[in-house]
Amino acid sequence: QQEIPRSETTYCKSSTGRSDETLLFYLTAGEHTLTVSGEREPVALLSLQWEPPASLPSYRETAEKYVQQGYKTVGQVQRLQAEDTTAKSDATMYPLNDKTSPNTEPASDLFVRYNTIGGSKWQKAGQWLEWSFTVPESGLYTIALRYKQNTKANSTVYRRLLIDGSVPFAEAEALAFPYVSRFTAFVLGDSENGDYQFYFTAGETHTLRLEVVTGVFASVLETGQQLVNELNDVYREILMITGPSPDLYRDYNFAALIPETLVKMEDLTERLETLADEVRRITGWDDGSELSSIQMIIQTLQRMTEDDTTIAARFSNFRDNISALATWVQDTAVQPLELDYFVIGGQL
């Protein structure tokens, strides 16, 4: 591997990756001061630009422009091995060896072939892989790939697609890759629009980049992390009264000492229930193990607020529930995906 210093154009985004949205800043008319402080690694800023937020066209609008400009579908096929990346954001995303399928390319009965890339090495929001390619004829091409996502059971992972450095249409902001137990052929598209088509010109080197995003989980993760922070505040407020080892036989009179905290706990219970409903809506999960972390802390909060004399006895359990919820947020943010190869302009 070789580190390649080069310029990148990017919008300011959350460093945690739990929100996929571009950060917005409110500015009043007049002069402002912007300060950038170094945290990790050297970087050279070439330019900074303020601009109003822009909205991407939908794929339907993009397809209509294809028709207006007279673009035609091309039958030529280009094949890209996913492990042959042109660039990547992280040195830990190196090629892998997969022997689970004889159809994985390249395959060998004798040698160890590094024939895929991604998996658990490519799962943190913001990580990206990039490939370069050319096409023999200008026109519209589909993009198909062979992938596997068998790490997160019953869960979908997401990737942002950039063609030549920019997202081509709104749907490409979060392409969904459902759970599959083994390598599966997949053409980029959706049920409403069918297979997506992309216009490529001959004689130019094009780039295809896939970046890890949290997709439909973005708002859930942002809310979940905020709730974890507020629950930790509640924990500390109780800790100041009871100490780390509460006396189970003492009446701490929480209603008189920290009445605002009890009100806050009731509010957090309602917000956690709303979070659970939102997770059910976007995932289709029932009240199984996937939601157990949220349900457990809801039950603990309900019992503590219904009878504040039980807070001391449930304090240790409350701490463990907060840790479980924080772990759930971290685990849900993980988006692993393993790739074998791409086909530009055809089916797998």
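The same ILVMFWY cluster, assembled from side-chain heavy atoms under 4.5 Å apart, contains both Val216 and Val220. Following chains of ILVMFWY side-chain contacts shorter than 4.5 Å, one can reach Ile311 starting from Leu257, so the two form part of one hydrophobic cluster. Met93 and Phe342 fall within a single hydrophobic cluster, where Ile, Leu, Val, Met, Phe, Trp and Tyr side chains are chained together by heavy-atom contacts under 4.5 Å. Cluster annotation: Leu188 is not connected to Trp128 through the hydrophobic network of ILVMFWY side chains, with a link wherever side-chain heavy atoms come within less than 4.5 Å. Cluster annotation: Tyr235 is connected to Ile294 through the hydrophobic network of ILVMFWY side chains, with a link wherever side-chain heavy atoms come within less than 4.5 Å.
In this structure a side-chain-to-backbone donor-acceptor pair under 3.5 Å is missing from Glu270 to Asp267. Side-chain atoms of Thr62 come within 3.5 Å of backbone atoms of Ser58 as a donor-acceptor pair (strictly under, hydrogens ignored). At least one donor-acceptor pair under 3.5 Å links the side chain of Thr300 to the backbone N or O of Met296. For Thr184 (side chain) and Arg182 (main-chain N/O), a donor-acceptor pair under 3.5 Å exists by modelled atom type. One N or O on the side chain of Gln78 and one on the backbone of Thr134 form a donor-acceptor pair closer than 3.5 Å. For Gln1 (side chain) and Ala91 (main-chain N/O), a donor-acceptor pair under 3.5 Å exists by modelled atom type. Side-chain atoms of Trp131 come within 3.5 Å of backbone atoms of Ala82 as a donor-acceptor pair (strictly under, hydrogens ignored). Looking at Ser138, its side chain does come within 3.5 Å of a backbone N or O of Ala202 through a donor-acceptor pair. Formation of a donor-acceptor pair under 3.5 Å by the Asn97 side chain with backbone atoms of Val112 is not found in this model. Counting only distance, with no hydrogens or angles, the side chain of Thr332 and the backbone of Val329 share no donor-acceptor pair below 3.5 Å.
Not less than 6.0 angstrom separates the ring centroid of Tyr114 from the ring centroid of Tyr94. In this structure, Tyr158 has its ring center at least 6.0 angstrom away from the ring center of Phe177. Annotation: Phe169 is in aromatic contact with Phe198 [ring centroid separation under 6.0 Å].
Rounding to the nearest 0.5 Å places CG of Leu231 at 6.0 Å from CG of Leu272. The structure places CZ of Arg314 at 12.0 Å from CG of Asp308, a figure rounded to the nearest 0.5 Å. Between the CG atom in Asn253 and the OG1 atom in Thr309 there is a gap of 11.0 Å [rounded to 0.5 Å].
Donor-acceptor pairing under 3.5 Å is recorded for the side chains of Asn193 and Asp190. At a cut-off of 3.5 Å, with distance as the only test, a side-chain donor of Glu204 or Thr201 sits close to an acceptor on the other residue. No hydrogens or angles considered: nothing links the side chains of Gln69 and Glu64 as a donor-acceptor pair under 3.5 Å. Side chain to side chain, Glu230 and Gln226 meet the donor-acceptor criterion of an N or O pair below 3.5 Å. Looking at Thr274 and Arg271, their side chains never bring a donor and an acceptor atom within 3.5 Å of each other. When only modelled atom types and interatomic distance are considered, Thr261 and Glu237 share a side-chain donor-acceptor pair under 3.5 Å. When only modelled atom types and interatomic distance are considered, Thr104 and Arg113 share no side-chain donor-acceptor pair under 3.5 Å.
What you find for Cys12 and Phe25 is that their closest heavy atoms are CB-CE1, 4.3 Å. Closest heavy-atom contact between Thr151 and Pro336: CB-CG, 3.7 Å. When all heavy atoms of Leu291 and Ala276 are compared, the pair lying nearest together is CD2-O, 4.3 Å. Scanning both residues, Asp331 and Lys152, for their nearest heavy atoms gives O-NZ, 3.5 Å. When all heavy atoms of Leu262 and Thr305 are compared, the pair lying nearest together is O-CG2, 4.0 Å. The two residues Leu339 and Tyr147 have their closest heavy-atom pair at CD2-CB, 3.7 Å.
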Pair Thr73-Gln197, side chain to side chain donor-acceptor pair (under 3.5 Å): steps then yes or no:
CA-CA 8 Å; Thr73 300; Gln197 290 189 308; 2.9 Å; yes
Test side-chain contact (heavy atoms from CB on, under 4.5 Å) applied to Ile344 and Leu80, step by step
CA-CA 8 Å; Ile344 310 295; Leu80 304 175; 4.2 Å; yes
Steps toward side chain to side chain donor-acceptor pair (under 3.5 Å) verdict (Arg209, Thr85):
CA-CA 10 Å; Arg209 177 184 294 190; Thr85 57; over 6 Å; no
Would you check, one step at a time, whether the test side-chain contact (heavy atoms from CB on, under 4.5 Å) holds for Asp90 with Trp122?
CA-CA 9 Å; Asp90 195 325; Trp122 186 36; over 6 Å; no
Test log, rule side-chain contact (heavy atoms from CB on, under 4.5 Å), inputs Glu130 and Leu208:
CA-CA 6 Å; Glu130 188 174 277; Leu208 184 160; over 6 Å; no
Verdict with reasoning, Gln295 to Glu273, per side chain to side chain donor-acceptor pair (under 3.5 Å):
CA-CA 8 Å; Gln295 292 171 326; Glu273 289 173 340; over 6 Å; no
Report the C-alpha separation of Leu145 and Val343 in whole Å, then their side-chain angles, then the decisive distance to 0.1 Å, and conclude whether the side-chain contact (heavy atoms from CB on, under 4.5 Å) test is met.
CA-CA 6 Å; Leu145 53 83; Val343 172; over 6 Å; no
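At a threshold of 4.5 Å between non-hydrogen side-chain atoms, the residues Tyr196 and Ile143 do not count as touching. In this structure, Pro246 and Tyr252 have side chains that are in contact, with non-hydrogen atoms separated by less than 4.5 Å. Looking at heavy atoms from C-beta onward, Pro53 lies out of side-chain contact with Thr22 at the 4.5 angstrom threshold. With a 4.5 Å cut-off on side-chain heavy atoms, Phe133 and Thr86 do not count as touching. The side-chain heavy atoms of Ile282 and Phe217, taken from C-beta on, include a pair separated by under 4.5 Å. In this structure, the side chains of Leu23 and Tyr11 stay at 4.5 Å or more apart for every pair of heavy atoms. Between Met304 and Met265 there is a side-chain heavy-atom pair separated by less than 4.5 Å. Between Leu140 and Lys72 there is no side-chain heavy-atom pair separated by less than 4.5 Å.
A salt bridge is defined here as a Lys NZ or Arg NE, NH1 or NH2 lying under 4.0 Å from an Asp or Glu carboxylate O, and Lys121 with Glu338 fails to meet this definition. A salt bridge is defined here as a Lys NZ or Arg NE, NH1 or NH2 lying under 4.0 Å from an Asp or Glu carboxylate O, and Arg280 with Asp277 meets this definition. We find that Glu8 and Arg6 are joined by a salt bridge, their nearest charged nitrogen and carboxylate oxygen being less than 4.0 Å apart. Between Arg160 and Glu171, none of the side-chain N atoms (NZ, or NE/NH1/NH2) sits under 4.0 Å from a carboxylate O, so this pair counts as no salt bridge. Between Arg303 and Asp307, none of the side-chain N atoms (NZ, or NE/NH1/NH2) sits under 4.0 Å from a carboxylate O, so this pair counts as no salt bridge. Note on Lys148 versus Asp98: salt bridge recorded, some NZ/NE/NH1/NH2 to OD/OE distance being below 4.0 Å. In this structure, Arg79 pairs ionically with Glu105, as a charged nitrogen and a carboxylate oxygen lie closer than 4.0 Å.
The aromatic rings of Phe200 and His206 lie tilted to each other, with the angle between the two planes from 30° to 60°.
Counted within 6.0 Å of NZ on Lys124, heavy atoms from surrounding residues, nucleotides or ligands total 12 or fewer; the atom is thus considered open.
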